[in-house]
Amino acid sequence: MIDTEPGRKAVRKYMKDNHITYRMAGILFGSSPQWIQQVVSGKAKGPETTKLIISMINEFGI
């Protein structure tokens, strides 16, 4: 499995620096704020989380 921690860390920093809430990210990516929080925090694992992190990195231009 791909180690997504560097990507998660970059997404967390980007969201904090740009004042993007989990709710805002949920709307943008079509997910619940709770799911976004679990993915970004590392509580959720698996292929769907990897896909979301990659999508967030692409969308945010990280």
Return the [atom1] to [atom2] distance between [X] and [Y], rounded to the nearest 0.5 Å.
{"X": "His19", "Y": "Asp17", "atom1": "NE2", "atom2": "CG", "answer": "8.0 Å"}
{"X": "Gln38", "Y": "Ser31", "atom1": "CD", "atom2": "OG", "answer": "11.0 Å"}
{"X": "Tyr22", "Y": "Ser41", "atom1": "OH", "atom2": "OG", "answer": "6.5 Å"}

Which pair of non-hydrogen atoms, one from Gly7 and one from Ile53, has the smallest distance, and what is that distance?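 Distance-wise, the nearest heavy atoms are C-CG2, 4.0 Å.
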
Taking all heavy atoms of Met56 and all of Ala25, pick out the closest pair and write down the distance.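 Nearest pair, atom of Met56 first, then Ala25: CE-CB, 4.3 Å.
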
Do Met24 and Val39 share a hydrophobic cluster (ILVMFWY, side-chain heavy atoms under 4.5 Å, transitive)?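 Same cluster: Met24 reaches Val39 through Ile, Leu, Val, Met, Phe, Trp or Tyr contacts under 4.5 Å.
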
Under a 4.5 Å side-chain heavy-atom rule over Ile, Leu, Val, Met, Phe, Trp and Tyr, are Leu28 and Ile36 clustered together?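 Yes.
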
Thr50 side chain to Gly46 backbone, donor-acceptor under 3.5 Å: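 Looks like yes, one N/O pair under 3.5 Å.
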
Do [X] and [Y] touch side chain to side chain, with heavy atoms closer than 4.5 Å?
{"X": "Arg12", "Y": "Met15", "result": "no"}
{"X": "Thr49", "Y": "Arg8", "result": "yes"}
{"X": "Ile27", "Y": "Arg23", "result": "yes"}
{"X": "Lys16", "Y": "Lys13", "result": "no"}

Measure the acute angle between the ring planes of Phe29 and Phe60, then classify it against the limits of 30° and 60° as parallel, tilted or perpendicular.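 Judged by the thresholds at 30° and 60°, the geometry between Phe29 and Phe60 is perpendicular.
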
Show your reasoning for whether side chain to side chain contact (heavy atoms under 4.5 Å, CB included) applies to Trp35 and Leu52. CA-CA 10 Å; Trp35 176 245; Leu52 179 57; 3.9 Å; yes

